[in-house]
> 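Can you keep this structure in mind? I'll have questions shortly.
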Amino acid sequence: MKITLKDGSVKEYASAMSVIDIAKDISEGLARMACAGEVNGKVVDLRTVVDSDCELSILTFNDEEGKAAYRHTASHVLAEAVKRVYPDAKLAIGPSIDTGFYYDFDCAPLDRAALDALEKEMKKIIKEGAEIERFELPRAEAIKFMEEKGEPYKVELINDLPEDAVISFYRQGEFVDLCAGPHLMSTKPLKAIKLINSSGAYWRGSEKNKMLTRVYGTAFTKNSDLDEFMQHLEDIKKRDHNKLGREMELFATVDVIGQGLPLLMPKGAKMIQTLQRWIEDEEERRGYMRTKTPLMAKKDLYVISDHWGHYKEGMFVLGNEEDETSEVFALRPMTCPFQYYVYKQSQKSYRDLPCRYGETSTLFRNEDSGEMHGLTRVRQFTISEGHLIVTPEQIEEEFKGCVDLAKYCLTTLGLQDDVTYRLSKWDPNNKEKYLGDAEAWDRVQNKMREILTHLGIEFTEAEGEAAFYGPKLDIQAKNVYGKEDTMITIQLDFALAERFDMTYIDANGEKKRPYIIHRTSMGCYERTLAWLIEKYAGLFPTWLCPEQVRVLPISDKYKDYAEKVKAELQNNGVNVTVDSRAEKIGYKIRETRLARVPYMLVVGQKEEEEGLVSVRSRYLGDEGQKTLSTFIDEITKEIRTKEIRKIEVTEEK
C-alpha cells in the first residue's frame, strides 16, 4: 500500500500497519511526539490500522487535533485520580476543550485544596506511565460492564448510542473509561498539567438533571507554556465582564429578581442608551422604518409562525393550555411575526419593496439556568432587530446592505478583527426540525453562499445551525475564556411569507410571495456590552463612556468654577461629573484613573482666572493647560466621530 505523507512524499508498505508504527518508521522522534493521526482528512487514534492507499498526517501537540488528543488523555488521568481519591464518585463526561479539558463527576463540590490533592495524584499516575489500551464490546456487554462498575451515567450514554455504533473503551492500568478516543499510547508523555477550577454543571446541560461537579484543567508539553497560559488566565480575569462589569457598577444581579435577569445600573444603562440612539439613527439613514410592537401575543400567532411547534420550550407561556375557556399568551422570543402584520396592514406592490422595518426589541427566552452567564446569556434582553421584505431580484443587494450595516457597527465599535463568519445550514438528516423541502433549502443556501462569495467574505459552514425557516449568516466572537457566541445574525427566510399569507403585486399585476431577511445590526445590546467590557477591559472609547470627563477642583474655593466647567461641557453633550469631595488632589486623580474616566480636568486659581483647564487623559497623560473652549472642541469632535484613540498612558509616572 502507498501512504502519501503531509509533505507529499510517499511510503510503501507490503502489509497493514498502525499509525504509530508508520510514525516510528518515519522517525522515532516523530513517534515520541505523535498524539493522533489523520487518515484521508479524518482524525484517528494512533492504534488505527491502515490497510490501503491513503493520505496520512501524524498529528503532534502543535496540531489542534493532536493537542485535543493529548488533553483528552489528561482528562482520563484526572478521572482516574478522582476514582482513587473518591472511590464513590461517578464518572460523567470529560472532553478536551480549546483551553484544556474538563471532566464532570457526581461527587461533592471540590475546593482548591481538593484540586491540589487531585493534581498531586495525577502527577503520580503520569509517573507510573501506564500503557493505554483500546478495546470494544458489544452493546449488552458494554452496558453490563459499566453497571458492574457502578457507573450509571456511562450506562445512559451507551443506551443513547445508535444501534450500529462502535462502543469502545480505553484502559490505563486499573482504570477503564467509555470513550471514542483518540488517546496517547501511554500516560508517560503528559508533562505540564494544572487543575484550574471547579464549578457546578447540570448533567447534559439541562437544569432538569442533577447538578454535577465539573473540574477544569489544562495540559502542555512544556512547563514554560503552562506558566505562560496561567499568566494569560490571570490577565483575562481582569477582563471578565461578569466580574469587571459589577466592579464598575454597570450591572448587577439579584437572587429574588431571578437568574438571567440583570439590572442595568445607571452607568450601564447610559452605555446602552448611547448604543441604541446611534443604531436607531443609523438605521433610519439607511431607509428603515421603526415599529413598536407588543411584548406578548396570543398562542395563535406563534402557531401560525410555527414557533409554537419548533420553539415552545424556549418561550415563557402565560395561561393554562389545558383550560379551553382561557386564552393562552406567551412573551415574545422574537419580533418577526409582529412586523409581518405591520406589513400586511395594506397591500404592497413591487414599487413598495424593499420594505425595511427596524425595532429595538425586548425579547424573552427561557434559557436553562445552567446556561446563564452575566450579560451574555440572559432570559430578557434587547436586540437591534429588523426584517426586510424583498422581491427575489432584491435579495442579493439587500443582503449585502445588511452585511454592510453589520460591518459598519463592528468597525465603529473596534470589534471588526474579533469576529468570524459562519454559514449556518439545515441538517438534512433531521428534516422535522425545519420548514420546507430539500430543494428549497439547497436553493436558498446556494444563494447565500453565492452572495458571501461575491462579498469576498471568508466563512465556514455549519450543518444543523440554521433557523427552522431558513439559513443564516452568523457573525461569531469568543469571550475572554474562548467560548464562542453569535453576536450578529442575518437570515434568509423563504417559508414564513407563505404561512402569514404575505404578498406583493408584481409588475404584471400578479400576487407574489416575497422573501424575508431577518437581521440584527449590532445584535443583543446586553451581549455587546459584555463584549465591549472584555475587549477594552473597561477602558471604553470616549464616545461610549458613561462618564467622559471628571472635573477636579484642587480645593473648595474652586468648586464654583468646576461647576461652571461642568455646565459648559454638559451644554455640549459631554457626560461629565465634578468631584467636590474634601480630598487631596492626588487622591482624586488616582480615584478618577481607577474609575476608568478618559479625561480629568484639574482646576485651581490660574485656571479660574484665565478660563483654562489642566487636562489629564488616559491617552497622553498630562496634556497641560488648555482653554475650556479648545478642550470642548477637541472632545466633542472625538465623540462625534466615534474615534478610538490609542491608549498610551494608563497610569501616572
Side-chain angles (χ1 to χ4, degrees), residues 16-39 42-50 56-85 91 93-97 100-103 105 117-137 145 149 151 154 166-195 215 217-226:
M17 292 181 69
S18 67
V19 172
I20 188 63
D21 286 337
I22 295 173
K24 289 176 181 177
D25 183 62
I26 297 169
S27 161
E28 285 291 338
L30 177 62
R32 284 193 296 272
M33 294 189 297
C35 299
E38 185 178 67
V39 176
K42 180 182 179 182
V43 178
V44 299
D45 195 274
L46 291 169
R47 300 156 189 79
T48 300
V49 174
V50 179
L56 172 67
S57 293
I58 306 300
L59 304 176
T60 70
F61 192 81
N62 293 326
D63 301 293
E64 287 305 313
E65 298 87 349
K67 191 182 278 102
Y70 185 94
R71 288 170 168 172
H72 191 37
T73 301
S75 79
H76 276 220
V77 172
L78 166 61
E80 182 177 0
V82 168
K83 293 296 284 187
R84 285 186 179 187
V85 178
L91 304 176
I93 57 171
S96 64
I97 55 178
F101 60 88
Y102 70 79
Y103 211 113
F105 304 96
L118 287 171
E119 198 175 293
K120 185 176 179 180
E121 189 65 30
M122 288 177 70
K123 291 176 180 177
K124 181 179 175 183
I125 293 168
I126 291 168
K127 191 174 181 181
E128 292 168 4
E131 296 293 320
I132 298 176
E133 304 170 26
R134 181 183 185 277
F135 64 94
E136 299 173 6
L137 290 176
F145 184 64
K149 286 187 168 292
E151 299 292 355
K154 299 296 183 181
V166 174
I167 302 173
S168 59
F169 297 83
Y170 282 83
R171 175 185 287 114
Q172 56 196 44
E174 297 178 355
F175 177 76
V176 180
D177 201 355
L178 171 74
C179 187
H183 282 281
L184 304 180
M185 298 301 292
S186 77
T187 62
K188 192 173 182 180
L190 295 174
K191 301 295 182 186
I193 61 166
K194 183 69 180 176
L195 296 184
V215 178
T218 195
F220 290 87
T221 56
K222 295 186 290 187
N223 283 316
S224 59
D225 289 341
L226 175 60

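Computed over heavy atoms, backbone and side chain alike; hydrogens, waters and symmetry mates excluded.
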> Are any of the side-chain nitrogens in Lys83 or Glu80 under 4.0 Å away from the carboxylate oxygens of its partner?
no

> Take Leu195 and Met122 through the side chain to side chain contact (heavy atoms under 4.5 Å, CB included) test and state the conclusion after the steps.
CA-CA 10 Å; Leu195 296 184; Met122 288 177 70; 3.8 Å; yes

> Between Ser186 and Thr73, which heavy-atom pair has the shortest distance, and what is it?
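Result for this residue pair: O-CG2, 4.4 Å.
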
> With rounding to the nearest 0.5 Å, note down the distance linking CD1 in Ile20 to SG in Cys35.
9.5 Å

> Can you list the residues that meet the salt bridge (charged side-chain N to carboxylate O under 4.0 Å, His left out) rule with Glu65, with sequence neighbours excluded?
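Partners of Glu65 under the salt bridge (charged side-chain N to carboxylate O under 4.0 Å, His left out) test: none.
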
> Is the closest side-chain heavy-atom distance between Leu178 and Glu151 below 4.5 Å?
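No, side chains not in contact.
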
> Are any non-hydrogen side-chain atoms of Val19 and Ile22 less than 4.5 angstrom apart?
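Val19 does not reach Ile22 side chain to side chain.
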
> Give me the atom names and distance for the closest heavy-atom approach of Ile193 to Ala219.
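Nearest pair, atom of Ile193 first, then Ala219: CG2-CB, 3.9 Å.
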
> For Ser27, check side-chain hydrogen bond (donor to acceptor under 3.5 Å, both in side chains) against everything at least two apart and list the hits.
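Testing Ser27 for side-chain hydrogen bond (donor to acceptor under 3.5 Å, both in side chains), a comparison that skips the adjacent residues, returns none.
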
> Can you name the residues that form a ring-ring contact (aromatic ring centres under 6.0 Å, His included) with Phe101, not counting sequence neighbours?
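Applying ring-ring contact (aromatic ring centres under 6.0 Å, His included) to Phe101 gives none.
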
> Would a 4.5 Å heavy-atom cut-off, applied to side chains only, mark Gln172 and Ile132 as touching?
yes

> Do Glu136 and Ser168 have side-chain heavy atoms sitting under 4.5 Å apart?
yes

> Quick one: closest heavy-atom pair of Leu59 and Gly37, and the distance?
CD1-O, 3.7 Å

> Write down the atom of Ser75, the atom of Gly94, and the distance for their closest heavy-atom approach.
OG-O, 2.8 Å

> Who are the side chain to side chain contact (heavy atoms under 4.5 Å, CB included) partners of Thr218, not counting sequence neighbours?
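Thr218: side chain to side chain contact (heavy atoms under 4.5 Å, CB included) contacts with Arg71, Lys194, Ile196, Phe220, Leu226, Phe229.
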
> How far apart are the C-alpha atoms of Val176 and Lys149, what are their side-chain angles, what is the distance that settles it, and do they pass the side chain to side chain contact (heavy atoms under 4.5 Å, CB included) test?
CA-CA 10 Å; Val176 180; Lys149 286 187 168 292; 4.2 Å; yes

> Please, which pairs that meet salt bridge (Lys or Arg N to Asp or Glu O under 4.0 Å) have at least one residue in residues 22-36, sequence neighbours excluded?
Lys11-Asp25

> Give, for atom SG of Cys179 and atom CG of Leu91, the distance between the pair rounded to the nearest 0.5 Å.
11.5 Å

> Looking at every non-hydrogen atom in both residues, tell me the closest pair between Ala81 and Ile125 and how far apart they are.
N-CD1, 3.6 Å

> Any side-chain heavy atom of Lys188 sitting closer than 4.5 Å to one from Glu131?
no

> Taking only residues two or more places apart in sequence, or in another chain, which ones meet Asn223 in a side-chain hydrogen bond (donor to acceptor under 3.5 Å, both in side chains)?
none

> Is there a side-chain contact between Ser18 and Leu46 (heavy atoms, below 4.5 Å)?
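Ser18 does not reach Leu46 side chain to side chain.
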
> Return the minimal non-hydrogen interatomic distance between Thr187 and Gly129, and the atom names on each side.
OG1-CA, 3.3 Å

> Hey, could you give me each pair passing ring-ring contact (aromatic ring centres under 6.0 Å, His included) that has a residue in residues 173-195? Not counting sequence neighbours.
His72-His183, His76-His183, Tyr170-His183

> Partners of Phe169 by ring-ring contact (aromatic ring centres under 6.0 Å, His included), sequence neighbours excluded?
Phe135, Phe145

> Checking side chain to side chain contact (heavy atoms under 4.5 Å, CB included) for the pair Met17/Val50: CA distance, chi angles, key distance, verdict?
CA-CA 5 Å; Met17 292 181 69; Val50 179; 5.9 Å; no

> Considering only heavy atoms from C-beta outward, does the side chain of Thr60 approach that of Leu30 to under 4.5 Å?
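Sidechains of Leu30 and Thr60: in contact.
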
> What residues form a side chain to side chain contact (heavy atoms under 4.5 Å, CB included) with Glu174, not counting sequence neighbours?
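Applying side chain to side chain contact (heavy atoms under 4.5 Å, CB included) to Glu174 gives none.
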
> What I'd like to find out is whether the side chain of Tyr102 reaches to under 4.5 Å of the side chain of Val215, using heavy atoms alone.
no

> What pairs with Tyr103 under side-chain hydrogen bond (donor to acceptor under 3.5 Å, both in side chains), at least two apart in sequence or on another chain?
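Result, side-chain hydrogen bond (donor to acceptor under 3.5 Å, both in side chains) vs Tyr103: Lys154, Asp177.
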
> Please walk me through it: do Tyr70 and Lys191 pass side chain to side chain contact (heavy atoms under 4.5 Å, CB included)?
CA-CA 10 Å; Tyr70 185 94; Lys191 301 295 182 186; 3.9 Å; yes

> Suppose we screen for salt bridge (charged side-chain N to carboxylate O under 4.0 Å, His left out). Which residues come up paired with Lys123, at least two apart in sequence or across chains?
Glu119

> Which residues satisfy the side-chain hydrogen bond (donor to acceptor under 3.5 Å, both in side chains) test with Glu121, sequence neighbours excluded?
Arg84

